[in-house]
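Input: a single structure, listed below in structure tokens.
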There are 2 protein chains.
Amino acid sequence: MDEQSKEEQLLAWVERVAAFFARNNGLPLITGRVLGWLMVCDPPEQTAAQIATAIGASKASLSTAVRVLEASGFVRAVTRPAERGVHLRVADDVWERVARRKLEALGDFSEITADGLEILHDEPARGDRVRDAHRLFSRLEQQIAPLLQHRDDDSP
Amino acid sequence: MDEQSKEEQLLAWVERVAAFFARNNGLPLITGRVLGWLMVCDPPEQTAAQIATAIGASKASLSTAVRVLEASGFVRAVTRPAERGVHLRVADDVWERVARRKLEALGDFSEITADGLEILHDEPARGDRVRDAHRLFSRLEQQIAPLLQHRDDDSP
DNA sequence: ATCTGAGTTCAGTATGGACTAAACTGTCTG
DNA sequence: CAGACAGTTTAGTCCATACTGAACTCAGAT
């Protein structure tokens, strides 16, 4: 039927996701794999051990990966009655968070350019290049922020 | 007068710029330093040798840094009559380019999510998480793109 | 032809960080 | 209590890659 089993296809896809986040967000590969896997796994809530075997990583790596993913709010840990340990799932607002974090980077850069202008305040011409940057990124920050408003959700 | 000489302040600022681009865009530190330096240096057009001494890097590093900066269109090489070698300056549209490149990353991710949906086309429920991501990033891509229109120039 | 300076390439070093195995902690079960 | 399991920490390995020095190429000037 398929040239590749769906499992293999999914793992290959997870690999692409991991590579993307490694390249664009500086995430360690394994962390990206966890995120990618949690996007497509069935069931959608899995234990660290399950994830580890799925993506072929060690318990230790899972521990650190999950720590950063939880701290970033990308992944949530849920417990179940009468089961020990936690199950992990992607947060409902992962992607808003990812995007918002990128937006923050924009803001950080605006701060840098602002400080640059400060240093060059007595040489306006020399500050032109920095000023251009500052204007563009401040504008973008302001225009993009409203596109990322929290959805007011009260879903179960 | 100053606690730090302006030169020192600028170098410290360049360092921040370099760190920012290293962290957010995966640029090597030296490459970021070159870019930062070219944002504030006086005169605004400098030779590779001048830049190298300014930021304390080797000729070899400058060579590679300049290659990637030029290839990305972030820096332009200009020649002058009766002078040998080239002078480097930031491109007029550096920041548009930087921003546009980030936007492309968004598009790349939309492609990834699209392919993920493809793989899961026969399990709609399982594709929900990927679909959410796809919708958000496609939307953002479309909404952000118009904020980055090329200024209408007709240079070659 | 030779010299000089700009720029590239190459080989080697080293620094950082991702990853793992193994030891350890703590908690729940029987 | 013993035993098992979830998870963390630590120590160490390994790999990628940034960076440099030095050799090299090429162009123009004299």
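Throughout, a chain's letter reflects where its sequence line sits, starting with A, and its residues are numbered from 1.
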Open item on the list: Run A:I144 and A:K102 through side-chain contact (heavy atoms from CB on, under 4.5 Å) and show every step you take.
Closed with: CA-CA 11 Å; A:I144 294 176; A:K102 288 304 226 180; over 6 Å; no
TODO: Apply side-chain contact (heavy atoms from CB on, under 4.5 Å) to the pair B:I112 and A:W13, showing each step before the final yes or no.
DONE: CA-CA 8 Å; B:I112 293 180; A:W13 183 82; 3.5 Å; yes
Open item on the list: Before you tell me yes or no, could you show the steps for A:V94 and A:L35 under side-chain contact (heavy atoms from CB on, under 4.5 Å), namely the whole-Å CA-CA distance, both residues' side-chain angles and the distance that decides it to 0.1 Å?
Closed with: CA-CA 10 Å; A:V94 213; A:L35 195 53; 4.3 Å; yes
Task: Stepwise side-chain contact (heavy atoms from CB on, under 4.5 Å) test for B:R131 and B:D128 - done: CA-CA 5 Å; B:R131 192 156 23 245; B:D128 278 350; 3.0 Å; yes
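B:E118 meets the side chain to side chain donor-acceptor pair (under 3.5 Å) test with no other residue; sequence neighbours excluded. A search for side chain to side chain contact (heavy atoms under 4.5 Å, CB included) contacts involving A:E141 returns A:L103, A:L106, A:S110, not counting sequence neighbours. For A:R129, there are no side chain to side chain donor-acceptor pair (under 3.5 Å) partners two or more places apart in sequence or in a different chain.
Sorted by first and then second residue, the side-chain hydrogen bond (donor to acceptor under 3.5 Å, both in side chains) pairs involving residues 17-35 of chain A (not counting sequence neighbours) are A:E15-A:R33. For the ring pair (Phe, Tyr, Trp, His ring centres under 6.0 Å) condition, the pairs that include at least one residue of residues 126-147 of chain A, sequence neighbours left out, are A:F109-A:F137, A:F137-B:W95. Applying the salt bridge (charged side-chain N to carboxylate O under 4.0 Å, His left out) test to every pair with at least one member in residues 40-68 of chain A, sequence neighbours left out, gives these pairs: A:E45-A:R80, A:E45-A:R89.
Remark: nothing in residues 64-74 of chain A comes within less than 4.0 Å of DNA chain C through any heavy atom. Against DNA chain C, the stretch residues 46-63 of chain A makes heavy-atom approaches under 4.0 Å through A:G56, A:A57, A:S58, A:A60, A:S61. A heavy atom lying under 4.0 Å from DNA chain C marks the following residues of residues 12-34 of chain A, by number: A:P28, A:L29, A:I30.
Annotation: the span from B:L147 atom CG to A:Q143 atom CD amounts to 4.5 Å, rounded to 0.5 Å. With rounding to the nearest 0.5 Å, the separation of CG in B:L148 from CZ in B:R101 is 13.5 Å. In this structure, the separation between CD on A:E96 and CD on A:Q149 is 11.0 Å, given to the nearest 0.5 Å.
Contact annotation: the side chain of A:K6 approaches that of B:D122 to within less than 4.5 Å [non-hydrogen atoms, C-beta and beyond]. Looking at B:P43 and B:Q46, their side chains come closer than 4.5 Å, going by heavy atoms from C-beta outward.
Heavy-atom contacts of chain B under 4.0 Å fall on DNA chain D between two terminal nucleotides, which in 5' to 3' order are D:dA18 to D:dG21. Protein chain A contacts DNA chain C over a range whose 5' and 3' limits, counting nucleotides with an atom under 4.0 angstrom from a non-hydrogen atom, are C:dA18 to C:dT29.
For the helix from C:dA1-D:dT30 to C:dG30-D:dC1, the axis fitted to the five pairs at one end and the axis fitted to the five pairs at the other end meet at an angle of 10° (nearest 10 degrees).
Within 6.0 Å of atom CZ in B:R76, 12 or fewer heavy atoms from other residues, nucleotides or ligands are found, so the atom counts as exposed in its surroundings.
Using a cutoff of 4.0 Å between basic side-chain nitrogens and carboxylate oxygens, A:R100 and A:D93 are not scored as salt-bridged.
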